[in-house]
Amino acid sequence: MSISYIKGTETKEEYLEKKFKKTGSQDTKNNLKSAILKFEQYCEYGLEHESELVIQDLADDWTKAKDVSNLVNLLNQFHVWIQEDHPDVAWVNSRRKNIKYTFKAMSPSAQRNCLGIVRLYLRARTGVRISAEDMSEKITIPLDENEREEYPLTLEQFKKIYDKTTLLRRKIKYLFMRDTGCRTIESIQI
């Protein structure tokens, strides 16, 4: 018995509406639209195909082969593409009609965010579940040296916090965290 009447995929609009209903945040919806726009631009300028055709081809490939390798390879190529400037890719923002934008290379944290959104978007559109292991096998997001602080607190800042603390167990926790480098939740678990 076939259950072909049950829908397994979503349209772009259904996906955006579902995410908006879940969070209720217009900013979330705008972030999703921005990441999806980048994927659509990649399809148009990088692959020279319409995004809907690419998504349909991925879904057809999944139906035939039941293999995620083509989808992971596509995401890897997309990741390489978003790491570079593309001055030929230009668009006008729908909210600010008089400002023209060109595609700029994304920071590592923005790359991670964009890939996560596009991965879930493609899952909703194609019905293909991509595991984190499949992603990490092919895609390596570089570390952003600007985001990482070698020492989150200077010794003077630590002393100010430590001296203002009145509870002995909290002072001990702070000393333990300073000496081991563990996070707050880790220190509480220990």
Side-chain angles (χ1 to χ4, degrees), residues 6-63 67-148:
I6 297 175
K7 188 175 174 183
T9 59
E10 301 171 347
T11 65
K12 177 181 171 182
E13 292 74 23
E14 290 171 339
Y15 175 76
L16 290 171
E17 194 57 37
K18 181 181 81 172
K19 291 295 185 180
F20 178 71
K21 284 181 182 177
K22 183 176 182 179
T23 63
S25 170
Q26 188 62 39
D27 287 338
T28 299
K29 192 172 182 179
N30 290 339
N31 287 339
L32 293 172
K33 281 182 178 180
S34 174
I36 292 168
L37 174 67
K38 286 173 179 35
F39 176 73
E40 289 171 346
Q41 290 169 334
Y42 165 69
C43 290
E44 183 179 341
Y45 294 96
L47 299 177
E48 297 178 352
H49 287 81
E50 288 187 26
S51 62
E52 291 299 319
L53 177 65
V54 172
I55 290 170
Q56 188 59 47
D57 287 345
L58 289 169
D60 292 344
D61 180 62
W62 170 253
T63 304
D67 186 20
V68 297
S69 60
N70 284 335
L71 190 49
V72 174
N73 288 336
L74 174 75
L75 287 172
N76 184 39
Q77 293 170 8
F78 173 62
H79 177 246
V80 170
W81 193 78
I82 62 175
Q83 293 178 36
E84 302 169 1
D85 288 340
H86 298 282
D88 56 323
V89 179
W91 71 98
V92 176
N93 190 331
S94 60
R95 288 177 285 170
R96 300 177 190 157
K97 303 262 186 228
N98 56 350
I99 300 176
K100 186 176 182 179
Y101 295 93
T102 58
F103 194 95
K104 301 285 185 209
M106 299 175 75
S107 70
S109 60
Q111 292 172 27
R112 186 177 296 107
N113 186 37
C114 186
L115 276 173
I117 291 170
V118 170
R119 176 180 151 204
L120 292 175
Y121 173 67
L122 289 175
R123 177 179 172 183
R125 296 295 313 275
T126 63
V128 180
R129 186 176 294 226
I130 308 164
S131 69
E133 291 81 20
D134 290 334
M135 292 283 290
S136 63
E137 199 173 283
K138 284 275 189 179
I139 300 170
T140 304
I141 297 174
L143 290 175
D144 190 356
E145 295 301 322
N146 297 337
E147 293 179 359
R148 186 171 182 193

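A quick note: this is a predicted structure, and the numbers were derived from the prediction, not measured.
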Query raised in the report: Atom CG of Leu71 and atom CZ of Arg129: how far apart are they, to the nearest 0.5 Å?
Result: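 Answer rounded to 0.5 Å: 13.0 Å.
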
**Report entry** CZ-CG distance between Arg125 and Leu58, expressed to the nearest 0.5 angstrom
**Finding:**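 That separation rounds to 10.5 Å.
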
Verify, without hydrogens or angle tests, whether [X] (side chain) and [Y] (backbone) share a donor-acceptor contact under 3.5 angstrom.
X	Y	value
Arg119	Ile130	yes
Asn113	Ser109	no
Thr23	Lys19	yes
Ser34	Asn30	no

Heavy atoms, side chains only, cut-off 4.5 Å: are [X] and [Y] in contact?
X	Y	value
Tyr15	Ile36	yes
Trp62	Thr126	no
Thr102	Asp85	no
Met135	Leu75	yes
Leu74	Val54	yes
Lys29	Lys21	no
His49	Cys43	no
Asp61	Val128	no

Report task. Using only heavy-atom distances, determine whether the side chains of Asp27 and Ser25 contain a donor-acceptor pair under 3.5 Å. Result ->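 Side-chain D/A pair, Asp27 to Ser25: absent.
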
Query raised in the report: Side-chain donor-acceptor pair under 3.5 Å between Asp60 and Gln56, yes or no?
Result: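 There is such a pair between these side chains.
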
Requested in this report: Determine, step by step, whether Asp134 and Ser131 satisfy the side-chain hydrogen bond (donor to acceptor under 3.5 Å, both in side chains) criterion, reporting the C-alpha distance in whole Å, the side-chain angles of both residues, the deciding distance to 0.1 Å, and the verdict.
Outcome: CA-CA 5 Å; Asp134 290 334; Ser131 69; 3.1 Å; yes

Hey, are [X] and [Y] close enough for a salt bridge, meaning a charged N less than 4.0 Å from a carboxylate O?
X	Y	result
Lys33	Glu40	no
Lys18	Glu10	yes
Glu17	Lys12	no

Report task. Identify the residue among Tyr42, Tyr101, Phe103 that makes a ring pair (Phe, Tyr, Trp, His ring centres under 6.0 Å) with His86. Result ->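 Checked Tyr42, Tyr101, Phe103 against His86; only one passes ring pair (Phe, Tyr, Trp, His ring centres under 6.0 Å): Phe103.
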
Query raised in the report: Checking side-chain contact (heavy atoms from CB on, under 4.5 Å) against His79, which of Arg112, Gln111, Met106 comes through?
Result: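 For His79, the side-chain contact (heavy atoms from CB on, under 4.5 Å) check succeeds only for Gln111.
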
Requested in this report: Decide yes or no on side chain to side chain contact (heavy atoms under 4.5 Å, CB included) for Leu47 and Gln77, but give the supporting numbers first.
Outcome: CA-CA 10 Å; Leu47 299 177; Gln77 293 170 8; 4.0 Å; yes

Query raised in the report: Of the non-hydrogen atoms in Phe78 and Lys38, which two are nearest, and what is the gap between them?
Result: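 What the structure gives for the nearest pair is CE1-O, 3.6 Å.
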
Query - Listed partners of Tyr45 passing side chain to side chain contact (heavy atoms under 4.5 Å, CB included), at least two apart - result: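 Residues passing side chain to side chain contact (heavy atoms under 4.5 Å, CB included) with Tyr45: Gln41, Trp81, Asp88, Val89.
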
**Report entry** Heavy atoms of other groups near Glu84 CD, more than 12 under 6.0 Å
**Finding:**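 Atom CD in Glu84 is crowded, with more than 12 foreign heavy atoms closer than 6.0 Å.
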
